[in-house]
Amino acid sequence: MKTIGIMTSGGDSPGMNAAIRAVVKHASANGIKVIGIYNGYKGLVEKNCAELSTASVENLYRKGGTVLKTARFVDFKKPEVIQKAVENCNSLGIEGMVVIGGDGSFRGARDLTHAGIPCVGIPGTIDNDIVCTEDTIGFDSSMNIIIDCISKLRDTSETLDRCAIVEVMGAGAGWMALEGGIATGADVILVPEVKFDFQKDVIDLIKAKKANGQNNFIIVVAECVFFPESNSKHKKNVNFEYVNEQGIENIDKFTKRFQAESGVESRGTVLGHIQRGGAPTFHDCILATNMGVHAVNLLIENKSKRVVVMQNGKVTDFDIDEGLSMKKPFDKERLIMATNLNF
Ligand code: ATP
């Protein structure tokens, strides 16, 4: 193998640059040239690319975002578009491709492999929603941002005897809200996987805590609790009808209604894209480096349609189709534990 391509695709996550650096440096050490594809599959089809020298990636280990940029490009599901990507790879001499992204990006990698370009995926997503791996590049960094932000909101809420209502991202799932809520001792954690009753599970609980002498509160809500049903990507977990019935279909309405019914002065904060930015943590720098090296080794060994994963604390790999078909049930026990702990 003389030349490989590399792209970042889907949502960006801290640590993607560290993975790019590791891929380029390890490939170069093995005599392989690396072509960086800009804007994910869109850039591959548009032939928007440049060779990445080791010097160009030298200081990327802690740079946030992705220097290769990223894009969502729905047309990559069309056979004629995939064919164009294959033609571009052939004309550039690309014999293998490393795709850093989430599960959607791995579907693209699978299709590109079937079309003739061997691909290897690296899980780069803040959501940690790729079931076959215990860890994804960016999850730890994003969780650290969440707990840092909630801790800051805790300080001001404590000073002013308020309730901070914090909306966190999480790709249609409540994992980030659950773990962030547990780590910061949130009073209430609301996730789309578990139905909640606004009166009983939120108002009555906070009133009981207030009667117990508590004066400041944290409520963590997964953003997808408020997603409309029209958001097809996240449809599977959405409780929108139920949330809508309760008249709390966004964080502003939630905050106003909570304040009116609980009698606790409240402020709503949406963490949003701040969760994706900044330098990766030590954990993600190491993970990205180890996964980048493993991905190049797979291509050198002529293995393809593989996704690099963390299993039992070790970097290994899985067949993409096998990995994508795995399901991860939401751990309701942890939510119950969090609620009990924080009473
Ligand atoms: P994140 O978890 O951060 O959202 P992701 O990789 O899951 O990342 P998606 O938007 O789902 O993000 O997918 C990224 C890109 O992968 C898409 O824009 C598209 O180009 C390609 N892709 C997604 N699904 C498929 C599919 N079924 N077949 C081929 N390509 C796909």
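Counting starts at 1 for both ligands and their atoms, in listed order. If you're wondering where the values come from, they're calculated on a predicted model, not measured in any experiment.
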Look only at interatomic distance and state if [X] has a nitrogen or oxygen under 3.5 Å from any nitrogen or oxygen of ligand 1.
X      : value
Asp111 : yes
Asp129 : no
Gly11  : yes
Val74  : no
Gly102 : yes
Gly101 : no

Notebook entry, point to check: Can you tell me if Asn17 uses its side chain to pair, donor with acceptor, with the backbone of Lys63 under 3.5 Å?
Noted result: yes
Margin query: For Asp127, which part has a heavy atom under 4.0 Å from ligand 1: side chain, backbone, both, or neither?
Written below: side chain
Next item on the list: May I ask you to list the residues sharing a hydrophobic cluster with Ile336, side-chain cutoff 4.5 Å, ordered by chain and number?
Entry: none
Next item on the list: Give the numbers and elements of all ligand 1 atoms closer than 4.0 Å to a heavy atom of Ser9.
Entry: 14 (C), 15 (C), 16 (O)
Item checked: Proximal candidate to atom 27 (N) of ligand 1 [heavy atom criterion; set Arg107, Arg276, Arg72] -> Arg107
Next item on the list: Apply side chain to side chain donor-acceptor pair (under 3.5 Å) to the pair Thr66 and Asp12, showing each step before the final yes or no.
Entry: CA-CA 7 Å; Thr66 157; Asp12 55 326; over 6 Å; no
Margin query: For Glu301, give me all partners under salt bridge (charged side-chain N to carboxylate O under 4.0 Å, His left out), at least two apart in sequence or on another chain.
Written below: Lys303
Check: Does Gly40 come within less than 4.0 Å of ligand 1, judged by its heavy atoms?
Finding: no
Check: So, are Asp155 and Lys152 salt-bridged, with charged N and O less than 4.0 Å apart?
Finding: no
